Amino acid sequence: MTNPPAPQFTVRPETPGDIEVIHQLTASAFGQVDEAELVDALRASGNRIDGLSFVGVLDGEVIAHAMLSRCFVGEVSGACLAPCSVWPDHQRTGAGTAVIEALLAEAARRGEAFAVVLGHAEYYPRFGFTPASGFGINLHVDVPDDALMAMPLAGEVPAGALAFAPEFGV
């Protein structure tokens, strides 16, 4: 007797047909609609970086999502990674990691100089993120030093004041 074939997991850019399931999976992953509404608002405003919103697909179903939106450190534009979500029953399977790695690699390939993330200090360092304060980045609101992180992509990480897209409300 042979084992069934392993499920096929792929990463690809989101399509218009993915928008509703991305909303649902983001709300489910965070246990509230705030982050799902943020994704929708970033997409609607044009502050999402075009083409840099990826999904992870398993057996034809979208199970993970991550997007990059425009941010600035001083006058230098960069990419903000957020929000990232995975259906709760697919968390800790590598789906989120695969989507984020593919997204950051594509951002670097496209010449995005750097990325920032405001998130879990235990999760994001695996991708190369380190505390943004080490680059001289500051934010006008208080956040834990280890939660605001940055990394170089295709360039340098500048020092200065960080500004997220207005939809973040920060």
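Keep in mind that the numbers below use all heavy atoms, side chains included, and drop hydrogens, waters and symmetry copies. Remember, predicted model here, so these are calculated numbers, not experimental data.
- Nearest heavy atom pair, residue Leu104 against residue Ala115, reads CD2-CB, 4.1 Å.
- Using a 4.5 Å heavy-atom cutoff, the side chains of Pro88 and Ser28 are in contact.
- Within the 4.5 Å cutoff, the side chain of Val99 has no heavy atoms near those of the Cys84 side chain.
- Taking a 6.0 Å sphere around CD of Gln32, one finds it holds more than 12 heavy atoms contributed by other residues, nucleotides or ligands.
- Annotation for Ala107 and Leu153: closest pair CB-CD1, 3.9 Å, computed over non-hydrogen atoms.
- Side chain to side chain, Glu167 and Ser45 meet the donor-acceptor criterion of an N or O pair below 3.5 Å.
- Side chain to side chain, Ser133 and Asp145 meet the donor-acceptor criterion of an N or O pair below 3.5 Å.
- Hydrophobic cluster membership differs between Phe72 and Leu162, with clusters built from Ile, Leu, Val, Met, Phe, Trp and Tyr side chains linked at under 4.5 angstrom.
- Screening residues 151-170 for ring-ring contact (aromatic ring centres under 6.0 Å, His included), with sequence neighbours left out, gives Phe164-Phe168.
- In this structure, CD1 in Ile49 is found 9.0 Å from CZ in Arg110, a value given to the nearest 0.5 Å.
- Nearest heavy atoms, Pro152 versus Phe135: CD-CZ, 4.2 Å.
- Scanning both residues, Leu42 and Ala165, for their nearest heavy atoms gives CD2-CB, 3.8 Å.
- At a threshold of 4.0 Å, the pair Arg48-Glu14 counts as salt-bridged, since one of the basic side-chain nitrogens sits closer than that to a carboxylate oxygen.
- Partners of Tyr123 under the ring pair (Phe, Tyr, Trp, His ring centres under 6.0 Å) rule, at least two apart in sequence or in another chain, are Phe127.
- Counting heavy atoms from C-beta outward, Pro83 and Leu38 have side chains that approach closer than 4.5 Å.
- No side-chain heavy atom of Glu101 sits less than 4.5 Å from a side-chain heavy atom of Glu106.
- Each of Val86 and Val55 belongs to its own hydrophobic cluster when Ile, Leu, Val, Met, Phe, Trp and Tyr are linked at side-chain heavy-atom distances under 4.5 angstrom.
- Hydrophobic clustering, with ILVMFWY side chains joined whenever heavy atoms are under 4.5 angstrom apart, groups Val57 together with Ile22.
- Side-chain contact between Leu81 and Tyr124 is present, with heavy atoms from C-beta onward closer than 4.5 Å.
- One finds the OG atom of Ser69 at 12.0 Å from the CZ atom of Arg43 (value rounded to the nearest 0.5 Å).
- Separation of atoms CG (Leu68) and CD (Glu112) is listed at 7.5 Å; rounding is to 0.5 Å.
- The nearest pair of heavy atoms linking Phe30 to Ser85 is CE1-CB, 4.0 Å.
- No more than 12 heavy atoms of other residues, nucleotides or ligands sit less than 6.0 Å from atom CZ of Arg92.
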Verify side-chain contact (heavy atoms from CB on, under 4.5 Å) between Ser77 and Phe114, making sure each step is shown before the conclusion.
-> CA-CA 8 Å; Ser77 69; Phe114 67 95; over 6 Å; no
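- At distances below 3.5 Å, at least one donor-acceptor pair connects side-chain atoms of Arg70 with backbone N or O atoms of Gly78.
- The closest side-chain heavy-atom distance from Ile63 to Leu25 is not below 4.5 Å.
- Around CG of Asn138, the count of heavy atoms belonging to other residues, nucleotides or ligands within 6.0 Å exceeds 12.
- Residues satisfying the side chain to side chain donor-acceptor pair (under 3.5 Å) criterion with Glu61, sequence neighbours excluded, are absent altogether.
- By the 4.5 Å heavy-atom criterion applied to side chains, Asp18 and Thr15 are counted as neighbours.
- For the pair His65 and Ser53, the minimum side-chain heavy-atom distance is below 4.5 Å.
- Remark: the backbone N or O of His23 is not paired with any side-chain donor or acceptor of Thr26 at under 3.5 angstrom.
- Residue Val143 is grouped with residue Val170 when hydrophobic side chains (ILVMFWY) are merged at heavy-atom distances under 4.5 angstrom, including chains of intermediate members.
- Atom CG in Leu148 sits 10.5 Å away from atom OG1 in Thr130 (nearest 0.5 Å).
- Pairing each heavy atom of Val157 with each of Met151, the nearest pair is CG2-C, 3.5 Å.
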